[in-house]
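For reference, the structure is listed below as structure tokens.
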Number of protein chains: 2
Amino acid sequence: MSPTKPASTRSDAEAPVTRIERKQRTRQRLIEAALALIGKGRSFSALSLREVAREAGVVPAAFYRHFRDLDELGLALVEMGGVTLRRLLREARRDGIPPTDMLRGSVLIYKRFVEERSLVFRFIAGERGGGSRSIRDAIRTEESHFASEMAQDLRAIGTLPELSSSTLQMICGLVVTTMLNAASDILDLAPDQPRREQELIENFVRQLRVIFLGAARWREEV
Amino acid sequence: MSPTKPASTRSDAEAPVTRIERKQRTRQRLIEAALALIGKGRSFSALSLREVAREAGVVPAAFYRHFRDLDELGLALVEMGGVTLRRLLREARRDGIPPTDMLRGSVLIYKRFVEERSLVFRFIAGERGGGSRSIRDAIRTEESHFASEMAQDLRAIGTLPELSSSTLQMICGLVVTTMLNAASDILDLAPDQPRREQELIENFVRQLRVIFLGAARWREEV
DNA sequence: AAATCCAGTGCACATATGTTTACCGAAATC
DNA sequence: GATTTCGGTAAACATATGTGCACTGGATTT
């Protein structure tokens with residue numbers, strides 16, 4: 001974490017000489033401190049300002065230079081969560097869906113994705129239902145955007161072409177809550193329970209299959 | 001908070017003379033105090049022992065006569081949530097499902113049920129993803145039992161007779177998470193947003209429809 | 001070179017927290 | 001009727017919290 005002094009050609013891209021860069025940097029440190037604490041099992045809504053400041057290696061009063069209160073930090077985390085979800089879709093778009101056994105393939109990719117970004121997902125899964133009102137609302141908005149993008153992507157690759165876009169949106173909403181729910185389960189897996197892990201993702205796959213079966217059979221104007 | 005001296009006819013059904021009754025009573029007051037605080041917008045995982053004791057009208061040290069810590073109180077709340085869910089099924093069994101437009105009917109009943117027990121549902125929805133590990137696990141267990149009972153009931157009334165019971169269980173799990181997710185949404189509804197409320201329950205109904213459509217089309221051993 | 005800005009410091013404050021300890025008084029047991 | 005049991009109390013403790021205030025020193029502007 002010490003300022004690396006590389007023997008590279010230039011030193012312009014490295015040092016955060018400018019003040020706004022410095023500010024941005026400790027802001028980031030605060031955010032990551034909160035995430036680190038979440039990673040240690042604490043739930044965000046139970047964090048204290050001083051705890052976060054301490055973890056970030058900064059005096060409590062300095063916190064106020066960046067956020068009005070913890071809630072505002074939380075909103076930044078939500079935003080980060082939104083970015084993460086968008087990246088998931090982007091990668092899926094780039095790499096395409098595994099051609100054989102699409103659902104199980106996607107689920108495995110998703111599982112890996114969640115595990116590699118466990119902190120953000122832990123935050124989202126944790127504050128989605130509890131926490132403060134404003135954070136919950138922000139997460140809902142982010143989920144909804146995610147569902148919209150997913151609906152667009154499904155449309156683009158020609159899945160379920162006969163569905164209206166509002167129906168597609170509704171179905172993606174269901175998929176998203178199922179995904180986030182599964183994320184919560186995945187994150188709580190003991191690291192050495194391959195048995196439990198196996199049946200968990202199997203369950204996840206089957207639930208998605210039910211949803212897409214239902215979607216395929218859906219007829220507007222019932 | 002002074003001991004009310006009622007001028008009622010009898011005093012036998014009133015006074016909790018026995019000591020264990022008294023104990024049970026303040027235990028209950030602690031539980032209800034926690035729920036009351038949740039009702040005021042605080043999230044359970046952020047409650048403090050003193051806060052709860054204060055709300056219950058009891059000195060902090062007295063708390064320890066009933067629970068080792070807040071986590072243990074939380075487990076009592078989970079249990080209460082389980083009972084609530086079981087009651088939902090019991091009432092559904094007793095009253096039967098509304099014959100016309102079953103799904104929408106059930107959803108409206110459920111909505112009312114949630115609103116009338118908003119505190120317990122707020123607790124469950126809030127700690128389901130966040131909170132402490134032990135509470136989360138307890139909630140998961142309760143959910144799973146609920147899903148099992150629901151599967152049994154569906155079987156009993158002859159719904160989806162061709163599905164294996166493990167499949168039925170998996171589908172009920174999906175229904176349960178969808179229900180709890182909807183509960184969270186319902187509880188966050190502003191009290192004067194009939195527009196939003198309408199589209200919310202409409203969405204809920206349609207999601208359930210997708211699930212049951214998929215379930216009906218499910219073939220084992222795909 | 002001088003003036004200004006401002007992210008981060010150090011310190012103080014009132015208040016809140018979890019937990020322990022000795023104690024009381026009424027119910028329960030003898 | 002004497003003795004024991006045990007919910008609940010009162011006070012104290014060490015520690016934690018959010019927030020305000022004057023400050024400082026290096027970057028930024030003039």
Side-chain angles (χ1 to χ4, degrees), chain A residues 1-3 11-34 37 40-76 131-132 134-135, chain B residues 1-5 11-34 37 40-76 131-132 134-135:
Chain A
M1 294 306 150
S2 60
S11 64
D12 48 9
E14 221 82 346
V17 276
T18 155
R19 196 148 64 182
I20 41 179
E21 269 176 331
R22 270 196 199 286
K23 176 161 187 181
Q24 215 54 259
R25 187 161 294 204
T26 63
R27 183 190 144 99
Q28 197 57 28
R29 269 203 286 145
L30 284 167
I31 291 180
E32 276 159 17
L37 289 169
K40 284 174 181 163
R42 327 241 322 93
S43 95
F44 176 81
S45 45
L47 290 185
S48 79
L49 185 152
R50 288 180 106 106
E51 213 174 352
V52 175
R54 200 180 310 130
E55 178 83 17
V58 111
V59 93
F63 183 94
Y64 296 104
R65 302 282 185 205
H66 304 273
F67 306 101
R68 199 188 320 284
D69 50 25
L70 276 176
D71 239 57
E72 207 168 288
L73 208 196
L75 293 183
S132 81
S134 57
I135 291 185
Chain B
M1 296 309 144
S2 60
T4 56
K5 179 76 180 312
S11 63
D12 48 8
E14 222 85 343
V17 275
T18 156
R19 195 147 67 182
I20 40 179
E21 271 176 331
R22 270 195 199 286
K23 177 160 187 182
Q24 215 52 259
R25 188 161 294 204
T26 62
R27 183 190 143 99
Q28 196 57 29
R29 270 203 285 143
L30 283 167
I31 291 179
E32 276 159 17
L37 289 168
K40 285 176 180 163
R42 327 241 322 92
S43 95
F44 176 81
S45 45
L47 290 185
S48 80
L49 185 151
R50 288 180 107 105
E51 212 174 353
V52 174
R54 200 181 310 130
E55 178 82 16
V58 111
V59 93
F63 183 94
Y64 296 102
R65 303 281 186 207
H66 303 273
F67 307 100
R68 200 188 319 287
D69 50 24
L70 276 176
D71 240 56
E72 207 168 287
L73 208 194
L75 293 183
S132 81
S134 58
I135 291 185

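Each chain gets a letter, A, B and so on, in the order the sequences are listed, and its residues count up from 1.
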Handout entry: Phosphate contact (C:dG18 OP1 or OP2) by B:R68 side-chain N/O below 4.0 Å
Key =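 No.
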
Exercise for the section: Would you indicate, yes or no, if C:dG8 has its OP1 or OP2 atom less than 4.0 angstrom from a side-chain nitrogen or oxygen of A:T26? Expected result: yes

Practice task
Determine whether A:F63 and A:R50 make a side-chain contact, defined as any pair of heavy atoms from C-beta on separated by less than 4.5 Å.
Solution key: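 No, every pair of side-chain atoms sits at 4.5 Å or beyond.
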
Practice task
Can you figure out which of C:dT19, C:dG10, D:dT17 approaches the side chain of B:P60 most closely?
Solution key: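 Ranking C:dT19, C:dG10, D:dT17 by closest atom to the B:P60 side chain puts C:dT19 first.
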
Fill in the blank from the handout: Quick note, B:A62 side chain, CB onward, closest among C:dT17, D:dG8, D:dT19 is D:dG8

Could you check how far [atom1] of [X] sits from [atom2] of [N], rounded to whole Å?
X	N	atom1	atom2	value
B:R42	C:dA16	CZ	C1'	12 Å
B:D71	C:dT19	CG	P	11 Å
B:L49	C:dA16	CG	P	15 Å
A:L70	D:dT19	CG	P	9 Å
A:L47	D:dT17	CG	P	10 Å
A:F67	C:dA7	CZ	P	13 Å
B:D69	C:dT20	CG	P	12 Å
B:Y64	D:dT9	OH	P	15 Å

Practice task
Quick one: list whatever passes salt bridge (Lys or Arg N to Asp or Glu O under 4.0 Å) with A:E72, sequence neighbours left out.
Solution key: A:R68

Test side-chain contact (heavy atoms from CB on, under 4.5 Å) applied to [X] - qualifying residues, sequence neighbours left out:
X	value
A:A62	A:V58, A:V59
B:Q28	B:I31, B:E32, B:M80
B:L75	B:I135, B:A138

How would you list, by chain and number, every residue that makes a side chain to side chain donor-acceptor pair (under 3.5 Å) with [X], sequence neighbours excluded?
X	value
A:D69	none
A:R42	A:E51
B:T26	B:H66

Problem - Protein-to-nucleotide contact annotation, 5' to 3' order, nucleotides 21-30 of chain C [B base; S sugar-phosphate only; - none; under 4.0 Å, heavy atom] - result: -----BBS--

Handout entry: Heavy-atom pair with the smallest gap, counting every atom of A:S45 and A:G131
Key = CB-CA, 3.9 Å

Practice task
With heavy atoms under 4.0 Å as the rule, sort B:R27 into base, sugar-phosphate or nothing.
Solution key: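 B:R27: no heavy atom of the nucleic acid under 4.0 Å.
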
Completion exercise
In DNA chain C, stems of three or more consecutive pairs, Watson-Crick or G-U, each with both distances under 3.5 Å, turn out to be C:1-30 with D:1-30

